[in-house]
Asks: 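Sharing a structure below in structure tokens format, with a few things to ask.
Letters A, B, ... are given to chains in the order of the sequence lines, protein chains preceding strands, and every chain is numbered from 1. Predicted, not measured: the structure shown is a model, and the values here were computed from it.
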Protein chains: 2
Amino acid sequence: MTERISDAEHAIMEVLWKQSPLTATEVADQVIEHKGWSLQTVKTLLSRLAAKAVVGTERDGRRFQYSPLVERDTYLTGVSRNFVDRLFGGKVMPLVAHLAEADELSADDIREIEQLLRELKK
Amino acid sequence: MTERISDAEHAIMEVLWKQSPLTATEVADQVIEHKGWSLQTVKTLLSRLAAKAVVGTERDGRRFQYSPLVERDTYLTGVSRNFVDRLFGGKVMPLVAHLAEADELSADDIREIEQLLRELKK
DNA sequence: CCTCGATGACTACACTTGTAATTTCTATGA
DNA sequence: TCATAGAAATTACAAGTGTAGTCATCGAGG
């Protein structure tokens with residue numbers, strides 16, 4: 001049962017997964033331009049993540065260094081499975097079929113996926 | 001911009017997508033066993049969906065007949081794209097790769113997807 | 001024709017989320 | 001040593017969600 005991470009929190013996590021540990025200000029620098037959030041908002045999100053033990057804090061003088069405690073892969077696996085379960089009865093095929101039919105898959109995408117599947121079978 | 005449908009609301013929609021129109025009680029019959037909700041909860045969810053114009057209502061004596069106004073396919077396309085965009089940078093391959101690596105894909109799944117992709121290229 | 005039970009409408013209420021403002025603490029430089 | 005700037009902690013607050021309880025109404029059966 002990985003702790004639930006909201007959309008806004010997820011944006012913070014992406015920054016920390018790319019690089020860590022970081023201070024709140026450093027995280028804010030990375031994220032504010034995309035998101036248009038204030039520093040306070042970033043700090044709130046970091047606190048909430050820390051409260052859920054999804055990021056860890058280490059005191060460093062008068063500030064904190066934040067680091068992810070959950071790996072990106074673990075998180076992605078969880079949400080992906082949840083997504084596929086809820087919307088496609090747990091089967092990946094209908095998802096791929098759906099994306100394909102909705103023209104969300106380019107010819108390149110298809111080639112890439114085929115290549116990947118060939119690799120998997122070995 | 002399809003209206004946002006929450007998780008609980010989605011469960012209601014699945015029932016209506018399978019069969020419609022249905023009365024609130026009929027929907028509840030289909031969903032209560034899985035979900036353990038009360039009839040009132042189902043009615044609330046139906047009202048909220050109706051308020052968002054995601055389901056339509058037609059008076060039938062002293063009750064309503066509810067029907068989806070949004071197609072399942074349209075909905076799935078929206079949430080799928082959103083999901084893939086947010087978590088996998090809009091690329092489906094990493095999602096498939098991820099599920100595969102996390103052992104969420106069986107050999108059968110892989111064969112099925114390959115078959116599907118072959119079809120698509122024709 | 002009147003009552004009762006089913007049904008929709010309205011209300012409730014705590015928790016989460018997005019988005020901060022305000023208050024309190026603390027280390028550091030004058 | 002003491003003020004102060006920059007952090008953290010606390011508080012805010014509206015919208016959305018999960019999960020109902022309660023109220024009002026209307027139609028069918030006695």
Side-chain angles (χ1 to χ4, degrees), chain A residues 1-16 21-67 75 78-79 82-83 86-87, chain B residues 1-16 21-67 75 78-79 82-83 86-87:
Chain A
M1 227 89 64
T2 312
E3 280 287 354
R4 163 90 195 147
I5 295 176
S6 81
D7 276 16
E9 287 163 2
H10 175 237
I12 303 292
M13 290 306 287
E14 286 295 342
V15 172
L16 288 175
L22 293 177
T23 67
T25 312
E26 285 166 344
V27 172
D29 286 346
Q30 305 276 319
V31 91
I32 278 176
E33 44 192 307
H34 308 286
K35 294 299 197 163
W37 292 336
S38 81
L39 175 60
Q40 289 315 314
T41 297
V42 172
K43 286 182 176 178
T44 299
L45 292 171
L46 279 168
S47 300
R48 288 180 183 170
L49 287 166
K52 286 190 281 200
V54 174
V55 309
T57 58
E58 184 164 359
R59 190 135 228 152
D60 167 30
R62 60 177 147 175
R63 39 178 107 170
F64 280 125
Q65 298 283 344
Y66 296 90
S67 319
Y75 172 72
V79 289
N82 188 281
F83 177 78
R86 257 196 337 108
L87 276 85
Chain B
M1 230 84 67
T2 312
E3 280 286 354
R4 164 89 193 145
I5 296 176
S6 81
D7 275 17
E9 287 163 1
H10 175 237
I12 302 291
M13 290 307 286
E14 286 295 342
V15 173
L16 288 175
L22 293 177
T23 67
T25 312
E26 285 165 344
V27 172
D29 285 346
Q30 304 276 319
V31 91
I32 279 177
E33 45 192 309
H34 307 288
K35 292 300 194 165
W37 292 336
S38 80
L39 175 60
Q40 289 316 314
T41 298
V42 172
K43 286 181 177 179
T44 300
L45 293 171
L46 279 168
S47 300
R48 288 181 183 170
L49 287 166
K52 286 190 279 200
V54 173
V55 308
T57 58
E58 184 164 359
R59 192 135 226 154
D60 167 30
R62 60 176 149 173
R63 39 178 105 170
F64 280 126
Q65 298 283 346
Y66 296 90
S67 320
Y75 173 71
V79 289
N82 187 282
F83 178 78
R86 259 199 333 111
L87 275 85

Asks: Could you state the interatomic distance from OG1 (Thr23(B)) to NZ (Lys43(B)), rounded to the nearest 0.5 Å?
Replies: 9.0 Å
Asks: Just how large is the angle between the end axes of the helix from dC1(C)-dG30(D) to dA30(C)-dT1(D), five pairs per end, to 10 degrees?
Replies: 30°
Asks: Any side-chain heavy atom of Leu45(B) within less than 4.5 Å of one from Trp37(B)?
Replies: yes
Asks: Please give, in whole Å, the distance from dA20(C) C1' to Ile12(A) CD1?
Replies: 13 Å
Asks: Between dT26(C) atom P and Phe64(A) atom CZ, what is the distance in whole Å?
Replies: 10 Å
Asks: Is any side-chain heavy atom of Leu49(B) less than 4.5 Å from a side-chain heavy atom of Glu3(B)?
Replies: no
Asks: Please state whether the base of dA9(C) and the side chain of Gln40(B) form at least one donor-acceptor pair under 3.5 Å?
Replies: yes
Asks: In Å, rounded to the nearest 0.5 Å, how long is the span from NZ of Lys52(A) to CD1 of Ile5(A)?
Replies: 6.5 Å
Asks: Measure OH/Tyr66(B) against C1'/dA9(C) and give the value in whole Å, please.
Replies: 10 Å
Asks: Rounded to the Å, how far apart are Glu26(A) CD and dA7(D) C1'?
Replies: 13 Å
Asks: Report yes if some heavy atom in the side chain of Glu26(A) is under 4.5 Å from a heavy atom in the side chain of Tyr66(A); otherwise report no.
Replies: no
Asks: Checking all strands, does Arg62(B) fall into the base, sugar-phosphate, or nothing category for heavy-atom contacts under 4.0 angstrom?
Replies: base
Asks: Hey, what are the protein-to-nucleotides 16-19 of chain C N/O distances that come in under 3.5 Å?
Replies:
{"unit_1": "dT17(C)", "atom_1": "OP1", "unit_2": "Arg4(A)", "atom_2": "NE", "d": "3.3"}
{"unit_1": "dG18(C)", "atom_1": "OP1", "unit_2": "Asp7(A)", "atom_2": "N", "d": "3.4"}
{"unit_1": "dG18(C)", "atom_1": "OP1", "unit_2": "Ala8(A)", "atom_2": "N", "d": "3.1"}
{"unit_1": "dG18(C)", "atom_1": "OP2", "unit_2": "Ser6(A)", "atom_2": "OG", "d": "2.4"}
{"unit_1": "dG18(C)", "atom_1": "N7", "unit_2": "Arg48(A)", "atom_2": "NH1", "d": "2.9"}
{"unit_1": "dG18(C)", "atom_1": "O6", "unit_2": "Arg48(A)", "atom_2": "NH2", "d": "3.0"}
{"unit_1": "dT19(C)", "atom_1": "OP2", "unit_2": "Trp37(A)", "atom_2": "NE1", "d": "2.9"}
{"unit_1": "dT19(C)", "atom_1": "O4", "unit_2": "Arg48(A)", "atom_2": "NH2", "d": "2.9"}

Asks: After noting the C-alpha distance and the side-chain angles of Val55(A) and Met13(A), does the key distance pass the side chain to side chain contact (heavy atoms under 4.5 Å, CB included) rule?
Replies: CA-CA 8 Å; Val55(A) 309; Met13(A) 290 306 287; 3.5 Å; yes
Asks: Report yes if the side chains of Phe64(B) and Glu58(B) come closer than 4.5 Å at any heavy-atom pair, otherwise no.
Replies: no
Asks: Between atom CG in Asp60(A) and atom C1' in dT28(C), what is the gap in whole Å?
Replies: 14 Å
Asks: Quick check for you: to the nearest 0.5 Å, what is the distance between Gln30(B) atom CD and Glu14(B) atom CD?
Replies: 12.0 Å
Asks: Check this one for me: any side-chain N or O of Thr25(B) less than 4.0 Å away from OP1 or OP2 of dT7(C)?
Replies: yes
Asks: Send over the distance from Lys43(B) NZ to dA20(D) C1', rounded to a whole Å.
Replies: 12 Å
Asks: In whole Å, I'd like the distance from the CZ atom of Arg59(A) to the P atom of dT26(C).
Replies: 7 Å
Asks: Is it true that Thr41(B) and Ser38(B) share a donor-acceptor pair across their side chains at a distance under 3.5 Å?
Replies: yes
Asks: Mind calculating the distance between CG (Leu46(B)) and C1' (dA9(C)) to the nearest angstrom?
Replies: 14 Å
